Structure formats: structure tokens, C-alpha cells
Amino acid sequence: MVSGPCGASDAAGEPRRSDPLYELIDGSTAIVRGALDAGCTFFAGYPITPASSILMAMLRRLPAAGGAAVQAEDEIAAIGMCVGATLAGARSMTATSGPGISLMSETIGLAVMGEVPLVIVDVQRLGPSTGGATTVAQGDVQFVRWGTSGGYPVIVLAPSSTAECYALTRRAFDLAERFRCPVFVLTDKELALTTETVAVVPGPPPVPRPRRAAPPSAGAAPAHRFEPAADVTPMAHVGSGAPVRFTSSTHDEQGFLTKDPVTVGRLNEHLRAKVMEHVDEITMIDIDLQPGASTVVVSYGVTAGAVRDAARALRRRGRQVSTLTVQSLWPVPGPALAAVAATHDRVVVAELNHGQYRREVERVVAGRAAVVGLHRTDGGLITPEQVAESVR
Amino acid sequence: MTAAQPAAARCATYRNDRTYPFCPGCGHGRILDRLNDALVALGRDPREVVIVSDIGCSGLSDQYFVTDAFHGLHGRSITYATGIKIARPDLTVVVVMGDGGTGIGGAHLLAAARRNIGLTVLVLDNLNFGMTGGQHSSTTPDGAITSSTPHGSVERPLDICATVGVNGAAYAARCTSSDSDLSARIQEGIECDGFALLDIWGPCTAHFAARNGASRQRLAATLDRLGFATGVLHRAARPEFTNAHAAACRGEATPPPGRPEGAEPLAAPRLRTPLRVVVAGSAGAKVRSAARLASRAALLSGLRVTQRDDYPVTVQTGHCVASLVLSPEEIHFSGVERPDVLLALSADGVARTARQLAAMGPGDRVFVLPGVALGATRATVTTIDPAQASGTLAPRQVALYALAVALLAMDALSEDVLLAAADAATGRHAAAANATVRRAAATVECRTAARADACGDP
Ligand code: SF4
């Protein structure tokens, strides 16, 4: 760590015209902007540290942007309202932290079963349980993936910087629409609440991608289509003229309850295939390979910052290291991870938990390289120095 | 969010051709027939009616209508209905739930009544859990034998109507499934502008009636013993939620979010390497706002900045520590394990940053307020005395004063950018911050000139 200031300035103290311009914002603000730019029209949430600033910003900003936002009576109601609003044509988001995700668990399953596009922001704090409300952690990585009964896939994106908080929230809305399923934006206390200089993207606000809605005259056409299994049917809204039958129970293509094994088998294969057969389309990773490096450091979220910092410092000292930041945590970008691992001897997985994503990396690397974990669970951040020490 | 609709088609029936699945004698089918009668009488376009149900025998109800239908999780129907109603206030939203749902979803029932949101809730109250085998529910009368109260229930049944009535509902009625005026009551509920609830008694024939009897007389006697009146029990005129909420939001002064605006740098960066600054103080001492001002000043110097705040959940007591990284290049890591500069403003702050202080070495700088005790440190310690600036420096200005002195003394930021950042603050805060920065600059000038004895207010 370099210490001390430098008194000298550029020639004649001329201001450095900065291109692009920078502004100071935190991750929560970036998430709110991303949601608004993605066309979010409904937000419901319940106060919880460290996610409350998203709730408060949405309550103030969404009505002015033509939508509606409410503080619900609990997290169960918050996500339930989001589901209802989405069925009525809205684009919905909720934001909470680990304890709130626990309460939302059952409705996450409902959204999976009923194929509801939904964005859920998890601002992680240290667990288990109420844990540390103002303390950083990355302990919900497996929880958000497996946090509802049945084991069916959801999509999880993890921004690793303030700028990515904006970009990945927008991407989350697009993926939710594309695959009609809950999409998590998995962030944490530090990313959400740390203020940072971020480059301003010039230009007018982006035009949200319109929802692929079923035509109102659909009449007797099936509301849900299970085949081809990997295809996603356009959504029908209540009150749009097309008869809409939504159910969280096993159902046929008309939305009526059924236990017919053939129909149920098709339904569940569809829920699996529509996400898992599109891993390549969903994959977002940031690979920074260095020729000659024997170690690649894999990380995500706030920890990726320390890894980038460590890589910069190591390379300045003439050392070689590769890095890989995973933005799309789930479904696991297996082929991309395996390909990078295959060109290195060691894979270090750095994360603020006891190795939750390391087990996924071990699974896809399947012995092509040694996989080791770098963990921290005391509420502090993994530091660039720790990362540097882990690199051989 | 409203969709264009073709002209409403008047419907002879809102039932589809599917047969009810209920047990012989069960009241559920009768209640659904009365709901159908009410919809026919009202003549609402079936494409603009949504029936929302949840779990239990009542949860099967939505499948027997040509309206839109939503079947969800136990006791949560009101939450989906609320979302639908907020997104499409023009729709007629009818919730069909059971007395199990009013138990597990009690919080939603209360909140919906308090909001007075325009839903019509029909509680198909069969006095027990039918589908799962006759266990006691939120409305099982005390003394009743159920599969989970073999010795008789000792819990007081929930008075649903009274509960929603005193908590803001627009309409509450208690009926039985065989009432001749049931469809008229359901119509009233649907027509009412606000939260309407009908608690419709119809004991489960398979379980409750088999164990406790359910003749009309017996039901009447139970209602009488409990003091549960029947008929329309409550009517109140209150603003309906979706209207009231939209109106309140229209009054909101916040403009729609504009496009993000960047700041044009006013000066060249004075730093060539990152400077990590920790401001260690107490809650209420404006530590975070001082750090915000410094962050803005760094932005105006063309630097990259991160500001990380650390404070307990009880934000008005204990420590408040702001960590700043100021750097001429991209900052990837906002953590500060070893500060280049630490400002020790209070005992709380010092206690919280003991590890960082211990990590500091010679060449690192600690600025400390008089009277704040520091542990042993290898860093260079300088005392900043706010009294030096002026006798009138408000306690809320001390953090900014100390931070400005430190940053100016280290030549990390110029007085000009600090003043520009101060001026960007709101209203009277700007004037106060501006004055504080000027005092800090005067102090630093005196120190630099080694005339500390001559230093006073600028
Ligand atoms: S179990 Fe009870 S409530 Fe359910 S259908 Fe049969 S009689 Fe009706």
C-alpha cells in the first residue's frame, strides 16, 4: 500500500477535462436507476437494513416515473403484491436482505411455477439469522438459488461495482421478461451503500424492451405452453381480454389443476429447460487472462474489487495472475469457467462465506485444475493483500 | 397500465361448464352460485373480473368461472389481489379465501382493511380445515371437537368482521351460506368503494358437522353464545387506497429522475497515488456529511473517490466512521485496512478503528482532537484544536473542520475545490460549511507559516 500524498499537480494547475464525466453515487441509487431505466412500474418492499434505501428511493421516484410503489406489511406481502401487479401488466421489483428472502421463499416458488417475471434484489448482510444488519457478507449465494421448494432454476446476477449495479439491474429485468422467472440481483451492504465515482453514460434514457405479451384475442389458445420445453410463451395479463388462469399448483396448458403425470412431467421439464438450456445466453463473466499465469482468481460481487486491485498491484510488480469475475452466478456458467480453469494450474475462489461458490467451481472444473478457497466470514472484506498472498 | 377493451359483453352466467368438486352438503358450492348471481346482476365484463383464491377447499373456487383467475399460496390471496388492484384499479377483484387463510394470513387481512383497498373478500368460513382433515382453524368455536382439538378447542374464535371493521374496512357482513339475501350482500360488497369483507358461515359437512353437528339452530346458538351478530355489521366511508395513494403520490414534490449529471473537474488532481483517509468519530457529529463534502471536493479535483460508512444500527448513538479513498486512478477496493490518514475525533471512533491505527506506520498521519486519547501508534500525530479556529465553531462543524485541515495540510485537495463542494450543499448548510472550510484554510496557512501563535479566525 502506497502511503502519503503527492503535492505536485499537472502543468499550471489546469483542470483535467474529464471524459466521460464522473458523479458520486452508491449502489442502491444505481439499482434504482437501473430499475427505472428498465421500465419498472411497480415496487413493493418492507424496511430492512441494508436494503431500505432502495425502498425509500422507489417510494419517492416511481410515482413520478408513472408507476406505483408501496411499503407492504411484511416481505411475504411485498413479493405477493409484486406477483399480482406483474400479472396485471406491471414490471415489478422488490428489495430485501437475507432475513427477508427467507420470508419470500414460498412466493419465489410460486413465481417459478406461475412463470412470473420478477426482479428480487438481495442486499446481503452477515448471517445466519438477524446476524449483522450493517455488516457485509456473501452468504446467500446458495440460498437464493435453492431457497424455495422443488429445486427449479432461477437466475442470479451479482454486480461487482456500482456501475454494474445499474447495468445488471437492467439486465435482470430483461432476463426476467425473456425467461419469465424470478431474477435475483445479488449485492451486499458494501456495494449498496458505498458511494463511488462512476462514469456518467451520456445520452437519453434507454427505451425499455417491451414485454412479449399474449395478444388479447388469444381466445381458447393455451395460456401456458410446455413444449418445446426450452421455449418461453408470451405472457397473458389479467384484465387484457385473454382468459388468464394463474395457479401455483401443477397445471395443464389451460391453467387448470392437474396431476396427470404426462402433463406434470412436461410442465416441470419446461420450467427446468427454459433456463438451463440457455446458459450461454445468460452467461455474463469478465475474464482478464494474463499469459503465463498459473493462477486464476475467481470472484464475484464486492470481492471482485479486491481481486482487480490485487491483480493490478501484482502485475505492476511483474507477477502474472489471471482473474475471472462471475456476474451471472446462476445458472453456473459452467463451460466458460471450465475453459478458463483448463489453462491454469490453480483456481482460487475468493468469497465472503465458507466456500459456497467454490463447490460449484470444483464441480465444473472437475479436476482440470486445483481449486482452493479464500474465505472471510467475520464481517470484513477480503483485502487485495489477502488475494495477492493466495496467488502463486 | 389500462388495456383498451372491446365493448363489455353482458353475461348470462360467469360459471364455466365444470362441476364443483365439493362434498355433498358443503356450503361452498352454494356460496359460489350466489357469487355468480351477484356478478350477473352487476353485469360486469367477465374479462375485467379477477377471482383470487388461495389454499383449502375454498382455494378450488376460481376454476369454476369464466373470469380471470389466480390461485396462490395459503393465506396470501390478499397480497396478490392488492398488487393486481394497484396495477389495474379498474378491475373487479374478488378474493375467495377460507378461515384457514384468515389465520395464517392475518397480517394481510389487517393491512388490507387498514388500507381500505377496493377488494371484495369472501371468507368461506367452514369453521375448520376441511382439505387437510378437519383441524381447528382461526374461527373454530371454543369447545368444538376437531381432529386437532380432540378435547375441545380452548381458543377464542376470531371475530373477522369486528376485526376488519375497527381497522378501517368500508364494509363487513356476516352471513351463512344458506341466506336468501347472500347474493345481494355480495353485490353490496363488490359495489362498495373500499375494502369489503363477507364472513360466510357454512360448516364443513365432512369434518366439523360430523363431529359437532351443524343444524341451523345449532349454528344460530353458537353465533348467539359468541355474541357474533349477523347481517351487515359495518359500513364506513373512507378514501379507497388506490385512489388515496395515487393522490398522495401526485403531491410528491420529487421530479421524475433526470438523467445523471457528471461534475466537470475544477482543478487538476494533486494526488499521484491513492490517499486513504479514515474519519473516526461519533454519531451525530456530522462525520458522514463531512466525508461527503470531501468526496465531492475530490470529484471536483478530477480524482476517483469511494466513501464507505460504518455505524451501528442505532444510528444516533455510538461510533460513526467514514473511510475515504481518493485516487488519481480507478479504485477497485474501497476497504481501508491501513489508512494513510486517520482523524481521531472521539473515543467511540478511536475504539472502532483500533485495528487500523495499529496498522499505521511512520509516514502515516494521525490528526487528533484535544482530549481524545489515542493508543500507542507509530504514525505521526498532530493535534487539531478547533478552538484555534474560533471560539464559535459549532460542534456540528468540528468534523468538517478537522477533515479540511488534514486534507489541506497534506495538500491532497485545494481550498477552492473544498469551497466549491461546500457551496453545493443545501441552503444554510452551504454557508456554514463554506465558513468552516475557510477557517480550516486559515488554520493551515498559519501552521505552514509557523505562526501558530498568531492564528485566529480569518
Ligand atoms: S371437506 Fe369440508 S369444506 Fe371441503 S368440500 Fe368437503 S365439506 Fe366442503
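Quick note on labels: first sequence line is chain A, next is B, and so on, each numbered from 1. This one's a predicted model, so the numbers in the text were calculated from it and none came from an experiment.
In this structure, chain A has a heavy atom under 4.5 Å from the side chain of B:V50, while its backbone stays farther away. For B:R355, the part lying under 4.5 angstrom from a heavy atom of chain A is the side chain only. Proximity to chain B (any heavy atom under 4.5 Å) is shown, for A:H251, by neither the backbone nor the side chain. Proximity to chain A is absent for every atom of B:D416, based on heavy atoms less than 4.5 angstrom apart. In this structure, the portions of A:T107 lying under 4.5 Å from any heavy atom of chain B include both its backbone and its side chain. Both the backbone and the side chain of A:L24 have a heavy atom closer than 4.5 Å to some heavy atom of chain B. Of the two parts of A:A44, neither the backbone nor the side chain holds a non-hydrogen atom closer than 4.5 Å to a non-hydrogen atom of chain B. If you measure heavy-atom distances from B:S334 to chain A, the contacts under 4.5 Å come from the side chain alone. For a residue to count as touching a neighbouring chain, one of its non-hydrogen atoms must lie under 4.5 Å from one of that chain's; by this rule A:I382 touches chain B with the backbone only. For A:A304, no part sits under 4.5 Å from any heavy atom of chain B, backbone or side chain. When heavy atoms are compared at a cutoff of 4.5 Å, B:L326 does not approach chain A at all. Contacts between B:L73 and chain A at a heavy-atom distance below 4.5 Å involve backbone atoms as well as side-chain atoms. In this structure, chain B has no heavy atom under 4.5 Å from any part of A:S161. Proximity to chain A (any heavy atom under 4.5 Å) is shown, for B:R114, by neither the backbone nor the side chain.
More than 12 non-hydrogen atoms from other residues, nucleotides or ligands lie less than 6.0 angstrom from CZ of B:F65.
For the residue pair B:D54 / B:Y80, no side-chain donor-acceptor distance below 3.5 Å is found, with atom types taken as modelled. Side chains of B:D62 and B:S53: a donor on one and an acceptor on the other come within 3.5 Å. Side-chain contact, B:T79 with B:H108: no donor N or O sits under 3.5 Å from an acceptor N or O. Side chains of A:T195 and B:Q307: no donor on one and acceptor on the other come within 3.5 Å.
Between chain B and the options A:L62, A:V238, A:D74, the largest number of non-hydrogen pairs under 4.5 Å is found for A:V238. Comparing B:T306, B:V305, B:D310 by heavy-atom pairs within less than 4.5 Å of chain A, the highest count is held by B:V305. For the set A:V244, A:T162, A:V200, the entry with the most heavy-atom pairs within less than 4.5 Å of chain B is A:V244. Of the listed residues (A:T86, A:L87, A:T383), the greatest number of heavy-atom pairs within a distance under 4.5 Å of chain B belongs to A:T383. Looking only at heavy-atom pairs under 4.5 Å with chain B, the residue among A:M113, A:E196, A:H237, A:R245 that has the most is A:R245. In terms of heavy-atom pairs under 4.5 Å with chain B, the best-connected choice from A:V302, A:V70, A:L193 is A:V70. Ranked by non-hydrogen atom pairs under 4.5 Å with chain B, the options A:T49, A:L257, A:T134, A:V307 are led by A:L257. Ranking B:K85, B:R292, B:R115 against chain A, the residue ahead of the rest is B:R115, based on heavy-atom pairs under 4.5 Å.
Salt bridge status for B:R296 with A:E23: absent, with no side-chain N to carboxylate O gap under 4.0 Å. Under a 4.0 Å N-O distance rule, the pair B:D364/B:R338 qualifies as a salt bridge. Using a cutoff of 4.0 Å between basic side-chain nitrogens and carboxylate oxygens, B:R308 and A:E190 are scored as salt-bridged. Under a 4.0 Å N-O distance rule, the pair B:E329/A:R316 qualifies as a salt bridge.
In this structure, the side chains of B:L275 and B:S327 stay at 4.5 Å or more apart for every pair of heavy atoms. Counting heavy atoms from C-beta on, the side chains of A:V83 and A:L110 come closer than 4.5 Å.
For the pair B:R18 and A:F256, the cation-pi test (distance below 6.0 Å, angle within 45°) is passed. A:R91 forms no cation-pi arrangement with A:F42, by the criterion of a distance under 6.0 Å to the ring centre and an angle within 45° of the ring axis.
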